[in-house]
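Quick notes on the structure that follows.
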Amino acid sequence: NAGVTQTPKFRILKIGQSMTLQCTQDMNHNYMYWYRQDPGMGLKLIYYSVGAGITDKGEVPNGYNVSRSTTEDFPLRLELAAPSQTSVYFCASSSTENQPQHFGDGTRLSIL
Amino acid sequence: ILNVEQSPQSLHVQEGDSTNFTCSFPSSNFYALHWYRWETAKSPEALFVMTLNGDEKKKGRISATLNTKEGYSYLYIKGSQPEDSATYLCASRNAGNNRKLIWGLGTSLAVNP
């Protein structure tokens, strides 16, 4: 059982480039989340989704976009990469909002 | 944003010691409290989700209690082992934060053999 799969694991971008972080889950979970984790800071919610076709902003959505066309996939897009977006990004999913979240292995993104 | 605070920030214990740490969260409009274990170079792994005041949960040598009226939860590890070394995160869901999980910074536990 693969669980939550994130790709890529590492990426270096130049300022102004765009990219999509992929996230897919095979547990048929309705809820999916994108977090970023910076040194000395807690996990910060970027965007979340409660089901296919429904997305909403978290605490730190600026500079990011998401879509949820299927239950399985929840890609995160950076349109104009900025150094402030250098971080480790985690995707997670859960069956309901009060069930445990299952995390992917993370994507380490550096913007230079 | 209503904050979640964890203490201590870090802890060093000897193998065999029992230990505990605290998560403080907003008590108003409480929905749920999550505990996760996060090993270095891995991703967070769920330990417990607790919703009811007075709830106690146990998983092997790890247990947790919940006091929603005063807004705190304790995580206990009995007879710590080196493999328990990790960061332990808690996160709270409250109506005041639009029901999103708000995460603490974690307690980093190091167990010396």
Side-chain angles (χ1 to χ4, degrees), chain A residues 1-10 21 23-25 27 29-51 54-62 66 87-108, chain B residues 1-7 9-10 23-26 29-53 55 57 59 62 64 66 68 73 75 86-108:
Chain A
N1 194 350
V4 178
T5 302
Q6 288 184 239
T7 57
K9 292 192 186 307
F10 306 95
L21 281 66
C23 176
T24 188
Q25 52 93 8
M27 297 172 282
H29 284 169
N30 285 322
Y31 288 72
M32 295 188 75
Y33 315 86
W34 273 106
Y35 293 97
R36 58 179 288 172
Q37 201 264 328
D38 300 305
M41 306 286 286
L43 287 167
K44 299 293 184 186
L45 183 66
I46 305 171
Y47 270 95
Y48 69 103
S49 169
V50 301
I54 306 169
T55 63
D56 206 350
K57 295 177 180 179
E59 298 172 74
V60 291
N62 291 343
V66 292
S87 190
V88 181
Y89 291 84
F90 287 96
C91 178
S93 73
S94 64
S95 55
T96 70
E97 64 180 358
N98 273 352
Q99 289 298 309
Q101 293 186 10
H102 298 257
F103 283 79
D105 290 337
T107 295
R108 187 175 294 275
Chain B
I1 298 288
L2 302 174
N3 287 330
V4 173
E5 307 210 349
Q6 294 187 245
S7 63
Q9 185 176 0
S10 64
C23 173
S24 299
F25 57 88
N29 299 310
F30 170 82
Y31 283 107
L33 192 285
H34 292 226
W35 279 103
Y36 290 78
R37 180 171 177 274
W38 194 355
E39 286 183 74
T40 303
K42 294 189 177 180
S43 53
E45 177 186 345
L47 289 172
F48 308 113
V49 178
M50 308 170 78
T51 56
L52 299 175
N53 185 45
D55 213 0
K57 298 229 174 180
K59 187 175 185 177
I62 304 177
L66 181 67
T68 62
S73 175
L75 189 80
T87 296
Y88 291 83
L89 297 175
C90 71
S92 171
R93 190 185 305 281
N94 297 69
N97 289 325
N98 202 23
R99 300 175 63 173
K100 301 183 189 71
L101 271 184
I102 300 299
W103 296 79
L105 296 181
T107 293
S108 176

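Computation of the quantities below employed the complete heavy-atom set of this structure, encompassing side-chain atoms and omitting hydrogens, waters and symmetry-equivalent molecules. In what follows, every chain begins at residue 1, and chains take the letters A, B, ... in the order their sequences are listed.
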So, the part of B/Leu89 with a heavy atom under 4.5 Å from chain A: the answer is side chain

Turns out that what part of B/Tyr36 lies under 4.5 Å from chain A's heavy atoms comes down to side chain

Taking every heavy atom of A/Gly104 against every heavy atom of B/Ser43, the minimum-distance pair comes out as O-CB, 2.9 Å

Here the pair of heavy atoms bringing B/Pro44 nearest to A/Phe103 is O-CD1, 3.6 Å

Applying side chain to side chain donor-acceptor pair (under 3.5 Å) to B/Ser24 and not counting sequence neighbours gives none

When rounded to the nearest 0.5 Å, the distance separating NZ of B/Lys100 from NZ of A/Lys57 is 11.0 Å

- [ ] Side-chain contact test, heavy atoms from C-beta onward, threshold under 4.5 Å: evaluate it for B/Leu101 versus A/Gln101 and give yes or no.
- [x] yes

With a 4.5 Å cut-off on side-chain heavy atoms, are B/Trp38 and A/Leu43 touching?
yes

Honestly, the part of A/Gln99 sitting under 4.5 Å from a heavy atom of chain B is backbone

